[in-house]
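Each ligand, and each atom within it, is numbered from 1 in the order the structure gives.
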Amino acid sequence: MTLFVIGKPIKHSLSPIIHNFWIKKYKLGLEYKKMEVDLESLPTLVEKVRKGEITGLNITLPYKKNIISYLDEISPSAKDIGAINTVFLKKKKVFGENTDGLGFTRSLEKKKKFNFFHKSIYVLGAGGASYGIISELINRKVKKIYIANRTKQKAIQLINYFKNKDRNIKLELAHWEALRPTSDVDLIINTTSFGMSKKETLRINTKNLRNTSILVDIIYSPKETNLIRLFKKEGFFCMNGLSMLVEQAAVSFELWFSISLSNKDIEEVKKICEESY
Ligand code: ATR
């Protein structure tokens with residue numbers, strides 16, 4: 001039996017490297033492959049999961065939303081996010097989960113012993129990745145979330161979306177034109193794709209920040225975005241998106257195989273990934 005990561009394009013996915021390492025380590029006798037598919041293939045693939053011909057799927061861009069209509073059930077947090085990245089058979093039903101947010105929070109908890117409770121977070125971006133992370137930040141009971149996005153309307157839409165779920169959540173619009181986090185901000189997260197090209201530099205005014213503030217850029221290629229470089233230069237703790245990538249994969253793996261991965265398992269894979277690009 002096989003597992004797949006499906007999307008379009010899929011060429012650059014690191015997921016096969018990650019999962020095949022753990023599959024071999026735990027002697028599961030399976031294979032995890034990447035498959036570039038068109039939208040029309042989604043129902044057939046879900047059917048194969050239903051029949052047990054496919055053990056599990058990871059869904060990546062651009063199908064994280066499209067897949068939902070073919071599934072029997074999705075988790076509450078996946079419903080919150082409106083996107084799925086993990087599919088498997090659970091009690092004879094094809095079930096969808098989103099492990100991105102948990103992957104993000106776990107990565108920072110482990111790497112920096114960061115406790116999200118009552119923290120103020122400044123989020124750049126209002127796309128799919130942002131919804132996943134914000135949903136989990138809210139679960140962790142952060143104090144306040146600021147949202148800045150190039151397209152202001154999308155930031156407002158995101159704020160209204162989460163406020164409709166819970167009026168007490170403190171979400172505030174921040175200006176994209178002048179990215180200047182206030183002194184209460186503990187953590188800055190770039191969830192946008194701006195910075196993936198080495199020519200792109202996201203500029204954030206750090207004047208008000210305390211030196212304990214942390215920057216996470218969820219981009220992992222390049223390994224060091226210009227934003228990370230600038231923050232490092234100023235002495236801030238920084239992390240790229242590789243830890244989140246591996247942690248979200250670990251959550252998927254745990255769901256498929258009920259195997260809880262150790263920190264050693266995670267670190268070994270991270271090293272292999274780092275050496276692969
Ligand atoms: P994902 O699912 O990876 O989050 P997405 O839904 O397309 O992808 O969202 C991409 C995010 O990156 C958005 O916040 C987008 O801003 P807009 O809402 O204004 O499009 C942001 N983004 C992409 N390219 C950008 C650029 N050149 N400058 C600033 N923000 C950019």
For Gly128, the atoms of ligand 1 under 4.0 Å from one of its heavy atoms are 1 (P), 2 (O), 4 (O), 6 (O)
Charged N to carboxylate O under 4.0 angstrom, Lys64 versus Asp100?
-> yes
Would you call Arg210-Asp186 a salt bridge at under 4.0 Å N-O?
-> yes
Spatial distance of atom OH (Tyr220) from atom CE (Met244) [nearest 0.5 Å] | 10.5 Å
For Ala129, the ligand 1 atoms whose distance to one of its heavy atoms is below 4.0 Å = 1 (P), 2 (O), 4 (O)
Which one of Asn149, Ile219, Val123, Leu158 has a non-hydrogen atom at the shortest distance from atom 13 (C) of ligand 1?
-> Asn149
Is Lys271 salt-bridged to Glu274, going by a charged N under 4.0 Å from an acidic O?
-> no
Point-to-point distance, once rounded to the nearest 0.5 Å, from CG of Asn149 to CH2 of Trp176 | 6.5 Å
For Gly125, the ligand 1 atoms with a heavy-atom partner under 4.0 Å come out as 14 (O)
Salt bridge flag under 4.0 Å for residues Arg140 and Glu136 = yes
List every atom of ligand 1 that sits less than 4.0 Å from any heavy atom of Ser193, numbering the atoms from 1 in the order shown and giving each element.
-> 12 (O), 23 (C), 24 (N)
Salt bridge flag under 4.0 Å for residues Glu36 and Lys11 | no
Test side-chain contact (heavy atoms from CB on, under 4.5 Å) on Leu14 and Ser276 and set out the steps.
-> CA-CA 9 Å; Leu14 290 175; Ser276 77; 3.5 Å; yes
Which ligand 1 atoms are under 4.0 Å away from a heavy-atom of Ala126?
-> 14 (O)
List the closest protein heavy-atom neighbour of atom 9 (O) of ligand 1: residue, atom name, distance to the nearest 0.1 Å.
-> Gly127 CA, 3.4 Å
So is Tyr131 in contact with ligand 1, going by heavy-atom distances below 4.0 Å?
-> no
Is any N or O atom of Ser130, backbone or side chain, closer than 3.5 Å to an N or O atom of ligand 1?
-> no
Starting from atom 29 (C) of ligand 1, locate the nearest protein heavy atom and write down its residue, its atom name and how far away it is, to 0.1 Å.
-> Trp176 CZ2, 3.4 Å
Are Tyr32 and Asn58 linked by a side-chain donor-acceptor pair shorter than 3.5 Å?
-> yes
Going by the atom numbers of ligand 1, which of them fall below 4.0 Å from some non-hydrogen atom of Phe194?
-> 26 (C), 27 (N), 28 (N)
Return the residue, atom name and 0.1 Å-rounded distance of the protein heavy atom closest to atom 31 (C) of ligand 1.
-> Arg150 CZ, 3.8 Å
With a 4.0 Å cut-off, strictly under, does atom 7 (O) of ligand 1 pick up any protein heavy atom?
-> no
Thr99 versus Asn85, side-chain donor and acceptor atoms under 3.5 Å | yes
What protein heavy atom sits nearest atom 21 (C) of ligand 1, and how far away is it?
-> Thr192 CB, 3.6 Å
Looking only at protein heavy atoms, which one is nearest to atom 17 (P) of ligand 1, and how far off is it?
-> Thr151 OG1, 3.4 Å
